[in-house]
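Everything below concerns the one structure shown next.
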Amino acid sequence: MPELPEVETIVRGLRPYLEGAEMGTFRLLFPSLLRRAPGVSLAAFEGNKITTLRRRGKMILVECEGGRTLVFHLMMTGQMLIVRPEVPVDKHVRLIVPLVGRGLELRFRDIRKFGFLCCLGPSGPLFIPELEALGPEPLEIDFRSFACLFQGRRGRIKSLLLDQRTIAGIGNIYADEVLFRARIHPLTPAASLAEEKLRTLWKSMRAILRLAISRKGSSIRDYTDADGDPGDFQVLHKVYGREGEKCPRCKGAVRRIKVSGRSTFYCPHCQKKL
DNA sequence: GCCACTGTTAGCAT
DNA sequence: CATGCTAACAGTGG
């Protein structure tokens, strides 16, 4: 579930707990969490101090002294929790990282086991394709560059917004919300969008993501930030999950279709097909 | 119980 | 190469 706004919220919540903290002995409860593990040991991170927490797309980067970095991806159900050690460890906890001297630990919990962790740095790889292949950040890209993303592309606009190599961090919910705000039909061939429409799309993308971040993301299913705050952007979802409800703009009914195998909500009246 | 559905992505087919 | 489907997994709801 976590898309860019949720991951950004999680990172901001974790910062005060993690930056400057020394990591103790890792407990890896689900070894498959570790991706491309050969030659990489978590033990190399023990005793390292965390310097900086960053977000890239939907990934969380934990940068450590000594040039090592932990890259987490929450996929659909991953959670990063800061808890006291006496809090019971349930069966979905995949990794425990004690924070030395703080009476707390970081736990990676993930019901569906899709999430992963990559270790970068000395002795391990410096680059991983997951990170390198990522497209630009939606809140950093300028309009000119944004427009170029869709030139000569044959895909439908929603599919491309979801494609992390095209642009990073947008998932199913925000793709629908952005397209609704821009009044663009999700099946519109991306290359057919006129400059004016693309500018509207760019502005809508920025507005929706910024608003969602300010509301600490959307509380859906397993999501909460580090402090257990579920966020409240979901009440502002205009179309996502609202099949049959009235469009807030024209009062017509919100429709649901499949695009790239994903549930897609839109208003057929406001978002005309080209 | 069974089946359909779920917010992501890699990998394979086209 | 680019694009589209499906499986990977576990839980929930009809």
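In what follows, chains carry the letters A, B, and so on, assigned in the order in which the sequence lines appear, proteins first and then strands, with residues in each chain numbered from 1.
Counting non-hydrogen atoms under 4.0 angstrom, A:Gly171 reaches the backbone sugars and phosphates but no base.
Whole-Å rounding puts the A:Ile111 CD1 to B:dC5 P distance at 21 Å. Atom CG in A:Asp110 sits roughly 13 Å away from atom P in B:dT9 (whole-Å rounding). Between the CD atom of A:Glu243 and the P atom of B:dT6 there is a distance of 10 Å, rounded to whole Å. For the pair A:Leu162 CG and C:dT3 P, the interatomic distance rounds to 14 Å; values are reported in whole Å. Taking atom CZ of residue A:Phe150 and atom P of nucleotide C:dA2, one finds them 15 Å apart after rounding to whole Å. Distance CG (A:Asp163) to C1' (B:dG11): 14 Å, rounded to an integer number of Å. In this structure, the CG atom of A:Leu131 is 16 Å from the C1' atom of B:dT8, given to the nearest Å. Rounded to whole Å, the distance from CD on A:Glu3 to C1' on B:dT9 is 13 Å.
Between A:Lys258 and B:dT6 there is a side-chain polar atom (N or O) within less than 4.0 angstrom of OP1 or OP2. For A:Lys113 and C:dA8, the shortest distance from a side-chain N or O to OP1 or OP2 is not below 4.0 Å. The shortest distance between the side-chain N/O atoms of A:Lys91 and the OP1/OP2 oxygens of C:dC9 is not below 4.0 Å. Taking only side-chain nitrogens and oxygens, A:His73 never comes nearer than 4.0 Å to OP1 or OP2 of B:dT8. Residue A:Gln164 places at least one side-chain N or O under 4.0 Å from the OP1 or OP2 atom of B:dT9. Between A:His92 and the phosphate of C:dG11, there is a side-chain N or O to OP1/OP2 separation shorter than 4.0 Å. Residue A:Arg262 places no side-chain N or O under 4.0 Å from the OP1 or OP2 atom of C:dT6. Between A:Arg153 and C:dA2 there is no side-chain polar atom (N or O) within less than 4.0 angstrom of OP1 or OP2.
Relative to the side chain of A:Met76, the nucleotides C:dT3, B:dT6, C:dG4 differ in distance, and B:dT6 lies closest. Taking every side-chain heavy atom of A:Arg256 into account, B:dT6 is the closest of B:dT9, B:dT6, C:dC9. Checking C:dG4, B:dT6, B:dT9 against every side-chain atom of A:Met75, the shortest atom distance belongs to B:dT9.
By the rule that hydrophobic residues join a cluster once side-chain heavy atoms approach within less than 4.5 Å of another member, A:Leu106 and A:Phe26 end up as members of one cluster.
How far CG of A:Leu160 is from OG of A:Ser260: 8.5 Å, rounded to the nearest 0.5 Å. Here the CG-CZ distance, from A:Leu42 to A:Arg68, works out to 11.0 Å after rounding to the nearest 0.5 Å.
C:dT12 and B:dT9 have their P atoms separated by 23 Å, with the value rounded to a whole Å.
Under a 4.5 Å side-chain heavy-atom criterion applied to ILVMFWY residues, the cluster that includes A:Leu126 comprises A:Phe127 as well.
Between A:His73 and A:Phe116, the ring-plane angle classifies as tilted under the 30° and 60° cut-offs.
Contact of A:Arg112 with B:dT8 (side chain to base): no donor-acceptor pair of N or O atoms is detected under 3.5 Å.
Summarising the base pairing, C:dC9 is matched to no nucleotide, lacking a Watson-Crick or G-U wobble pair whose two defining distances lie under 3.5 Å.
Under a cut-off of 6.0 angstrom, the local environment of CZ in A:Arg55 is crowded, with over 12 non-hydrogen atoms contributed by other residues, nucleotides or ligands.
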